[in-house]
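Input: a single structure, listed below in structure tokens.
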Amino acid sequence: MARTPSYFTKLLRRPSPKIIQNPNQQFRDIRNTGCGNDSQDKSQHSSEIVKEICGTIRSKPRWENTLLSDFSGVNFSDSTFLNQVLLHQNNVFLSIRLLYWLRSTFEYSPAQSTCSLIFNALVQDNAAKAAKSFLQFTQFVPEPAALESYVRCLCESRMIEDALQVFDEMKKTGVCPSLETWNCLLLSLIKEGYTDLVWELYRDMIESGVVTDLDTLSYLIQAFCLDKNITEGYQLLRQVLNDGYVPHKSAFDKLLFEFILDQKHDRVPALLHIMIAKGIKPDLYTYQQIIHGLCLTRMQREGLFIFNDLKNRGYAPDKIMYTTMIHGLCKMKWIKDARKLWFEMIQKGIEPNQYTYNTLLYGYFRIGDITKAQNLYKEMKTDYKETLIAYNTMINGLCSHGMTTEAFQLFKQMDSQNVCKDVITYNSLIRGFCKEGKLTESLTLLRELVDRGLQPSCSSYGPIIGKLYELGLIDEVKILWNEMQDKNVEPVSVCIDENIIIGLSKKGCIETGVYWLAYMVKNRLVPKQRTFEKLVAILSQRDKLDVGLSVFGHMFKIGYTPSSRLKDMIGANSFDSGLIV
DNA sequence: ATAGGGTTAG
């Protein structure tokens with residue numbers, strides 16, 4: 001089958017697309033990597049043959065079949081000669097291919113210096129995957145310095161697990177890595193959001209006696225932000241400033257974003273002033289993050305104000321800025337303003353891309369303008385239309401307005417176009433079918449979702465459980481509840497109605513309440529007082545008071561005082577005997 | 001002139 005656009009989009013979704021590019025264009029001549037100088041050619045005669053062989057390998061796609069007969073006089077067991085061929089190949093991937101061929105044909109094993117050159121070339125070209133398989137294949141052990149570059153290369157290719165593994169092995173051999181490598185790992189961990197590993201690595205750093213620098217501290221500030229620990233993040237920033245240094249702009253940006261998310265709006269201008277005073281100019285990215293944060297916390301009006309203010313001050317919003325703002329407006333159903341920005345953007349010569357289209361598409365569905373949504377969808381380029389997210393937006397939008405038939409049509413189309421579905425695709429349809437009372441269809445989809453190896457979420461079960469409960473099919477509900485627990489699906493409140501939890505518990509389905517309360521405790525959530533009280537009462541009647549009490553202890557800590565009603569329900573003795581503390 | 005950032009459910 002021909003490579004349809006969706007084939008490419010699937011490839012693009014993979015983390016490391018670098019290697020997919022044409023190796024002939026991307027990779028450099030390994031002689032130019034500046035490592036090793038043992039490639040001096042002494043024999044004029046063999047030098048010619050080396051060139052010829054390299055030329056053949058470069059030009060003949062299937063040279064493996066004919067190389068021996070084409071060069072029948074050549075002694076392919078002479079390792080000095082073969083090293084020269086490898087080193088003179090002007091493309092590191094071709095060198096590797098030759099190496100593999102030599103190995104399988106002659107059991108040739110390359111000299112350390114050759115391995116080193118090839119390996120370094122791969123690392124320099126950021127071909128992390130190739131470098132990894134090269135190491136596996138040759139069992140070659142690089143020098144510490146080369147290993148460090150390799151670790152950084154792995155980081156840049158987002159192969160952080162591999163990077164950490166190599167790094168650990170390095171340390172075990174007694175090598176102390178350079179600060180640059182430590183920092184590189186820290187940054188990668190932050191990009192992946194693995195903050196616990198950031199702190200672990202940082203402890204390691206300190207224990208190893210590494211002296212940290214400004215980069216390290218900037219990363220730590222960001223790690224604090226990711227942990228939602230803004231207070232400490234900000235403190236560290238102040239400390240660095242007091243010591244006379246200025247952290248990275250990204251540290252400021254992240255702090256600003258977290259201040260917004262945390263509704264600490266008064267801190268924002270103050271921090272912006274500090275930035276400017278320290279010579280760091282807030283840029284479009286900074287403001288985009290601020291606007292994005294405002295939109296996430298339902299403060300689109302303020303976001304729009306800043307957006308317009310920026311324009312007045314001469315900033316030219318870019319495509320992402322427009323998309324962020326349009327999305328915020330669509331979310332609050334301000335479609336007029338959203339459309340105004342959309343056309344303004346186009347007029348400025350900025351073409352909408354798949355993000356922008358999706359955003360407006362979502363907006364039309366949000367206000368229930370199906371016709372406009374469908375027209376916009378028709379207008380989209382095939383590359384934009386046939387993506388997972390565009391399909392999800394359409395399917396969900398249609399389902400929200402009772403058009404499950406049309407949605408299911410698109411759902412089937414995804415298969416024929418080789419677009420992978422995800423849990424959102426399924427959940428949207430499940431919800432749509434349930435709303436129309438089509439339980440069979442929903443359950444079929446749930447089965448399909450699980451069979452495909454996708455992890456179901458609470459939204460996969462919630463609508464079905466709700467419908468089953470409505471119909472009084474308690475046994476069926478129980479089966480699904482058990483399945484949810486088996487699959488570690490969290491019973492998120494927005495997906496599962498609290499009344500159902502109570503209803504089920506009352507009907508003898510105690511596990512429901514237990515499971516739900518355990519979830520609330522684990523996530524430090526506060527159930528509605530009445531729901532909580534009813535549940536505790538039910539649990540106490542059925543010898544499950546321990547769970548109820550554990551939640552109670554948690555609520556007690558946050559300052560909730562038990563009502564007399566609750567005391568009556570579960571009996572004053574429990575309080576007197578000091579169970580709750 | 002660097003990069004990064006934006007889209008889909010509940």
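Predicted model only: the values in this text are computed from it and were never measured. Letters go in sequence order (proteins before strands), and every chain restarts at 1.
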Grab the CD1-P distance between A:Ile424 and B:dT7 for me, whole Å please. 12 Å
Length of the CZ-P vector between A:Phe307 and B:dG5, whole Å: 19 Å
Once you apply a heavy-atom cut-off of 4.0 Å, does A:Ser457 come out as touching a base, just sugar-phosphate, or nothing? base
By nearest atom, which of the nucleotides B:dA9, B:dG5, B:dG6 is closest to the A:Thr356 side chain? B:dG6
Assess whether one donor atom and one acceptor atom, taken from the side chain of A:Asp253 and the base of B:dG5, lie less than 3.5 Å apart. no
Do the side-chain N and O atoms of A:Gln413 and A:Tyr391 include a donor-acceptor pair separated by under 3.5 angstrom? yes
Between B:dA9 and A:Asn396, is there an OP1 or OP2 to side-chain N/O distance shorter than 4.0 Å? yes
Would you say the side-chain atoms of A:Ser457 and A:Asn427 include a donor-acceptor pair closer than 3.5 Å? yes
Does A:Lys254 reach a base, just sugar-phosphate, or nothing at all? Heavy atoms under 4.0 Å. nothing
Please pick, from B:dG5, B:dT7, B:dA9, the nucleotide with the shortest atom-to-atom distance to any side-chain atom of A:Thr359. B:dT7
Nearest-Å distance for atom pair CD1/C1', residues A:Ile290 and B:dG6: 16 Å
Distance check needed: B:dA9 C1' versus A:Tyr426 OH, whole Å only. 15 Å
Atom CG of A:Asp283 to atom C1' of B:dA1: distance rounded to whole Å? 13 Å
Base, sugar-phosphate, or nothing for A:Asp497, non-hydrogen atoms under 4.0 angstrom? nothing
In whole angstrom, give the distance that lies between atom CG of A:Leu255 and atom P of B:dG4. 21 Å
Would you mind reading off the distance between A:His248 atom NE2 and B:dT2 atom C1', rounded to a whole angstrom? 14 Å
Please answer whether B:dG6 and A:Tyr355 are stacked, defined here as ring centres separated by less than 5.5 Å and planes angled under 30°. yes
Ignoring hydrogens and angles, state whether a donor on the side chain of A:Asp253 or A:Gln289 is under 3.5 Å from an acceptor on the partner side chain. no
At less than 4.0 Å, is any side-chain N or O atom of A:His327 found next to OP1 or OP2 of B:dT7? Yes or no. yes
To the nearest angstrom, the CG-P distance between A:Leu284 and B:dA3 comes to 14 Å
Could you tell me whether the side chain of A:Thr324 has a donor or acceptor atom within less than 3.5 Å of a complementary atom in the base of B:dG6? no
Looking at A:Thr425 and A:Asn392, would you say the former's side chain and the latter's main chain have a donor-acceptor pair under 3.5 Å? no
Between B:dG5, B:dT8, B:dT7, which nucleotide gets closest to the side-chain atoms of A:Thr393? B:dT8
Side chains of A:Tyr357 and A:Lys381 in contact at under 4.5 Å (non-hydrogen atoms): no
Nucleotide nearest A:Asn358 when distance is taken to its side chain, options B:dT7, B:dG6, B:dA9: B:dT7
